Amino acid sequence: MAASLESLLDLVRAAAAARTPLRIRGGGTKDFYGNTPSGEILDTRGLQGIVAYEPSELFVTANAGTSLRELEAVLTERGQMLPFEPPHFGDSATVGGCVAAGLAGPRRASFGATHGGVRDFVLGARLLDGRGQLLSFGGTVIKNVAGYDVARVLAGSLGVLGVIVEVSLKVLPRPLAETTLRFELDQAAALVRLNEWGGRPLPISASAWCGGELFLRLSGAPAAVAAARDILGGTEIVGDGPWTEIREQRHVFFSGDPPLWRISVPSTADVVGFGNQQMIEWGGALRWLRSAHPAAEIRAKAQTLGGHATLFRGGDRSQGVFTPLSPALKAIHRRLKAEFDPAGIFNPGRMYAEP
Amino acid sequence: MLRSECLLTDAEDTRPYDCDGLTLYRQLPMVVALPETTAQVAAVLKLCHELRIPVVPRGAGTGLSGGALPHATGVLLSLAKLNRIIAIDARARIATVEPGVRNLAISEAAAQHRLYYAPDPSSQIACTIGGNVAENAGGVHCLKYGLTLHNVLRIRGLTMEGEAVEFGSHALDAPGLDLLPLVVGSEGMLAVVTEVTVKLVPTPQLARCVMASFDRVEDAGNAVATLVAAGIIPAGLEMLDQAASRLVEPHARAGYDLDAAAVLLCESDGTPAEVEEEIFRISEILRSARATRIQVSSSEAERLRFWAGRKNAFPAAGRAAPAYYCMDGTIPRKHLGGMLKAIQAMEQKYGLRCPNVFHAGDGNLHPLILFDDGDPDSVARAVAFGVEILEESVRLGGTITGEHGVGVEKIDQMCSQFGGPTLEAFFGVKRAFDPSGLLNPGKVVPTLHRCAELGGMAVHAGTLKFADLPRF
């Protein structure tokens with residue numbers, strides 16, 4: 001049952017007293033992500049609605065259980081968008097879940113200005129901590145350096161620090177013009193081109209290479225998009241291009257059985273290897289891999305390339321899906337968790353086996 | 001551990017370190033350490049941790065909130081000698097530098113690749129990247145290009161125990177909790193930064209600036225909101241009120257309209273076609289928002305002249321009065337006009353002049369309260385004036401500091417912005433990174449006891465060192 005904020009407070013206080021593990025859940029569209037969830041479900045969908053939206057102030061504040069689809073529809077009506085283009089992975093995705101998962105879509109690596117991941121657009125949040133207290137971090141203005149920026153840490157925190165109850169996000173105008181170009185290139189050549197283009201003032205807002213095809217999305221002022229199209233060449237695609245299919249992992253690359261690895265590396269990193277079932281996004285900085293190779297080998301390779309590998313879907317998840325932390329970081333994580341959730345009730349094991 | 005000339009103990013040697021850009025607070029440190037390598041920084045930290053000696057990190061000392069104020073029985077740890085640019089990778093568009101490298105030096109080194117480091121606090125010729133990280137420094141281009149946080153990929157640092165730790169990576173994300181946003185803006189209280197990797201972005205082909213005059217400050221404020229609502233994110237969007245224009249014009253000769261109640265500077269950058277299109281839209285919108293005069297820069301020299309006045313507002317204030325006190329609140333853009341009206345009323349109330357320069361696009365205010373630091377009554381009025389501006393900022397839904405940090409200056413105003421449990425959580429963050437509490441102790445977060453004693457009120461003033469340096 002979805003519950004109101006008051007009943008969530010009671011629920012958390014009772015769980016903390018009894019040390020009952022809680023599994024924080026919105027629409028459940030990202031249940032697959034991270035390590036296997038456990039504990040009694042704490043449903044955030046009772047926390048409904050947009051609290052404030054002012055287009056001229058470039059922010060929106062919403063309760064955690066608000067439907068991500070509805071929020072985006074409201075922004076679209078006013079010609080604005082969530083600049084990190086988050087995947088939904090289902091109709092029931094919520095705003096809170098979107099922030100807690102911290103996953104961004106194709107626009108994450110727009111070249112040039114005004115781009116970033118989920119955390120770059122979090123302005124503030126209200127958090128229900130493991131003591132059953134409501135904490136308020138950040139705010140709704142873009143420039144704010146009062147106190148530690150805890151709100152942004154919640155992006156990708158997988159609920160281990162507490163229940164996100166409300167979040168304020170920076171929004172941006174939708175680009176006036178957008179088009180998609182297609183090129184035929186092998187992977188190595190695509191990586192060379194992507195990094196070369198990245199160093200030039202071109203309005204590239206998404207890129208994806210898969211199976212010998214490279215797609216580029218251009219976004220911005222009509223004049224800028226037209227000029228870039230002439231410089232870049234390629235074939236202009238009719239329609240919206242493959243971006244939604246890729247973002248939602250409905251593209252054919254994502255079908256089938258082999259485990260799906262998400263490998264995050266510097267954009268200039270060499271070809272990852274482990275077979276040719278690969279997709280590249282974010283100008284080269286995100287490599288998707290379908291492979292049944294041993295996890296240790298894939299992680300070692302990612303590390304050699306200066307990045308890290310996550311077992312995103314499928315495969316043997318018993319050893320943990322995320323890359324282990326250094327001892328120094330692990331110690332900070334453990335202490336931070338203990339400060340926010342002293343009884344260790346929130347999403348135990350979702351990120352790492354030990355807190 | 002350190003060469004003898006890198007350890008200062010005599011008062012005459014440590015005197016230059018007794019304050020940062022906020023000179024009202026001064027304190028001689030027990031000792032100043034100037035390590036030349038990361039290994040030396042680690043050794044200093046290990047020793048201090050063992051002996052339970054507080055450590056205060058410091059970059060160029062241009063900070064404006066007393067974040068680098070020394071501790072009487074502590075070590076002032078200057079990172080100024082760690083000033084190497086380690087690598088510029090043009091293909092990957094990143095620069096890896098030591099913390100003592102100056103902000104502008106990064107862009108200068110990257111210029112040959114037609115790349116630059118976007119955040120540009122106006123003190124960028126002097127301030128260091130380590131200090132920028134500590135304060136999450138802004139500048140005039142944040143609206144489009146982001147703050148320091150948005151332009152940093154990886155921070156290598158040391159814990160108070162002297163243990164190496166890395167936040168972020170050269171990839172776009174890293175495993176575990178994303179702790180980078182905690183370290184950036186932590187005012188030197190969570191870790192000592194020893195290496196920073198920043199993003200570089202392609203230098204725009206062209207930038208042009210629109211200068212618009214308004215008869216009423218409310219109109220200028222509304223024009224800002226209208227521009228943003230129309231989907232325009234200018235590269236820079238700054239406002240000066242009439243007092244500020246009249247203050248700077250005799251020195252900067254920027255060509256500001258001295259009859260205007262407010263002057264707006266709005267910059268567009270990109271390809272020539274893009275800039276032309278955007279300038280056209282900006283001009284149309286400003287005109288319909290009741291701009292009384294619009295000028296567009298027709299050359300790079302003219303663009304720089306438009307900006308010269310804005311960038312010299314602080315030195316000009318320094319010439320206009322014995323002292324000035326710069327505030328740093330941020331408010332929702334829609335309240336800009338109303339806030340200016342409120343400040344005008346406060347000028348009457350406190351009997352002090354207060355020219356205003358705003359990062360209007362960000363809603364970030366820099367009112368400059370002019371006062372006489374030799375007159376205790378004038379100081380007291382300036383202080384009360386500043387407090388009222390900050391409290392009004394919080395009341396309007398904003399914040400007490402947009403980019404200068406809390407430091408020691410605004411620690412009491414933290415009580416009016418945050419509730420008890422949130423302040424307690426900040427202490428929890430501090431403990432998680434620095435269980436010993438020895439790293440830059442006593443800054444940023446007030447104890448609940450202190451807040452209770454103050455009853456949510458605050459009293460502090462400051463004056464600026466390096467008064468001639470362009471700022472903000």
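Quantities reported herein were computed from a predicted structural model and do not represent experimental measurements. Below, chains carry the letters A, B, ... as their sequence lines are ordered, and counting in each starts from 1.
There is no contact between A:F322 and chain B, counting heavy-atom distances below 4.5 Å. For B:K430, the parts lying near chain A are the backbone and the side chain together; criterion is any non-hydrogen pair under 4.5 Å. The parts of B:V429 that come within reach of chain A are both its backbone and its side chain, each placing non-hydrogen atoms under 4.5 angstrom from that chain. If you measure heavy-atom distances from A:L305 to chain B, you find no contacts under 4.5 Å at all. Residue B:P435 touches chain A through its side chain alone, counting heavy-atom pairs closer than 4.5 Å. Residue contact with chain B, scored on non-hydrogen atoms closer than 4.5 Å, is absent for A:E196. Proximity to chain A (any heavy atom under 4.5 Å) is restricted, for B:L180, to the side chain, taken from C-beta onward. Looking at A:F340, only its side chain comes within 4.5 Å of chain B, counting heavy atoms on both sides. For a residue to count as touching a neighbouring chain, one of its non-hydrogen atoms must lie under 4.5 Å from one of that chain's; by this rule B:F427 does not touch chain A. Looking at A:A146, the atoms closer than 4.5 Å to chain B (heavy atoms on both sides) sit in the backbone and in the side chain alike. Using a 4.5 Å cut-off between heavy atoms, A:E57 touches chain B through backbone and side chain atoms alike. There is no contact between A:R287 and chain B, counting heavy-atom distances below 4.5 Å. Of the atoms belonging to B:L149, heavy atoms from both backbone and side chain fall under 4.5 Å from chain A. Heavy atoms closer than 4.5 Å to chain A are found in the backbone of B:A164, but not in its side chain. Heavy atoms closer than 4.5 Å to chain A are found in the side chain of B:R281, but not in its backbone. Only the side chain of A:V160 comes within contact range of chain B, judged by heavy atoms closer than 4.5 Å. Neither the backbone nor the side chain of A:L286 comes within less than 4.5 Å of any heavy atom of chain B. Residue B:T203 touches chain A through its backbone alone, counting heavy-atom pairs closer than 4.5 Å. With a 4.5 angstrom heavy-atom cutoff, B:N364 touches chain A only via side-chain atoms. The part of A:V265 that comes within reach of chain B is its backbone (N, CA, C, O), which places non-hydrogen atoms under 4.5 angstrom from that chain.
Ring planes of A:F121 and B:H150: tilted class, angle from 30 to 60°.
Closest of all the heavy-atom pairs between A:Y352 and B:P175 is OH-CB, 3.5 Å. Taking every heavy atom of both residues into account, B:A171 and A:G307 meet most closely at CB-CA, 4.5 Å. Scanning all heavy atoms of the two residues, the minimum distance from B:A432 to A:R335 falls at O-NE, 2.7 Å. For the pair B:V152 and A:R119, the tightest heavy-atom approach, listed with the atom from each and the gap, is O-NH2, 4.3 Å. In terms of heavy atoms, A:P201 sits closest to B:P202 at N-CB, 3.5 Å.
In this structure the side chain of B:F418 never reaches within 4.5 angstrom of the side chain of A:S136, judged on heavy atoms. Counting heavy atoms from C-beta on, the side chains of A:S326 and B:E166 never come closer than 4.5 Å. Under the 4.5 Å side-chain criterion, counting only non-hydrogen atoms from C-beta, B:L177 is not in contact with A:K337. B:T399 places none of its side-chain heavy atoms less than 4.5 Å from the side chain of A:K143. Proximity of B:Q417 to A:N144: side-chain heavy atoms (C-beta onward) are separated by under 4.5 Å at one or more points. Looking at heavy atoms from C-beta onward, A:L336 lies in side-chain contact with B:L179 at the 4.5 angstrom threshold.
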Step by step, work out the side chain to side chain contact (heavy atoms under 4.5 Å, CB included) result for A:I332 and B:L190. CA-CA 10 Å; A:I332 296 172; B:L190 300 185; over 6 Å; no
Give the C-alpha distance, both sets of side-chain angles, the deciding distance and a yes or no for side chain to side chain contact (heavy atoms under 4.5 Å, CB included) between B:L182 and A:V150. CA-CA 7 Å; B:L182 286 183; A:V150 178; 4.1 Å; yes
Show the numbers, then the answer: is there a side chain to side chain contact (heavy atoms under 4.5 Å, CB included) between A:V145 and B:L147? CA-CA 10 Å; A:V145 294; B:L147 310 164; 5.9 Å; no
Applying side chain to side chain contact (heavy atoms under 4.5 Å, CB included), run through B:I331 and A:V141 and close with a yes or a no. CA-CA 7 Å; B:I331 58 170; A:V141 290; 5.8 Å; no
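When each of A:G138, A:P327, A:P222 is checked for heavy-atom pairs under 4.5 Å with chain B, A:P222 comes out on top. Counting heavy-atom pairs under 4.5 Å between each of A:G147, A:A104, A:G139 and chain B puts A:G147 at the top. For chain A, the option among B:A174, B:A273, B:P272 with the highest count of heavy-atom pairs below 4.5 Å is B:A174. Of the listed residues (B:A229, B:G428, B:G402, B:G397), the greatest number of heavy-atom pairs within a distance under 4.5 Å of chain A belongs to B:G402. Interface summary for chain A: among B:V406, B:D362, B:T271, the most heavy-atom pairs under 4.5 angstrom belong to B:D362. Across B:P332, B:A425, B:G185, B:G405, the residue that shares the most heavy-atom pairs under 4.5 angstrom with chain A is B:P332. Contact count versus chain A (heavy atoms, under 4.5 Å) is highest, among B:K199, B:Q205, B:R114, B:R91, for B:R91. Across B:A90, B:G231, B:A235, the residue that shares the most heavy-atom pairs under 4.5 angstrom with chain A is B:G231. The candidate from A:S157, A:S264, A:A221 with the greatest count of non-hydrogen atom pairs under 4.5 Å with chain B is A:S264.
Here CG of B:L143 is found 6.0 Å from NZ of A:K170. Values are rounded to the nearest 0.5 Å. The distance from atom OH of A:Y148 to atom CE of B:M189, rounded to the nearest 0.5 Å, is 3.5 Å.
Looking at B:R333, its side chain does come within 3.5 Å of a backbone N or O of A:S56 through a donor-acceptor pair. Distance alone, capped at 3.5 Å, is enough to place a donor-acceptor pair between the B:R93 side chain and the A:N195 backbone. Side-chain atoms of B:E277 come within 3.5 Å of backbone atoms of A:A223 as a donor-acceptor pair (strictly under, hydrogens ignored).
A salt bridge is defined here as a Lys NZ or Arg NE, NH1 or NH2 lying under 4.0 Å from an Asp or Glu carboxylate O, and A:R108 with B:D173 fails to meet this definition.
Atom CD of B:E276 has 12 or fewer heavy atoms from other residues, nucleotides or ligands within 6.0 Å. Atom CZ of A:R131 has more than 12 heavy atoms from other residues, nucleotides or ligands within 6.0 Å.
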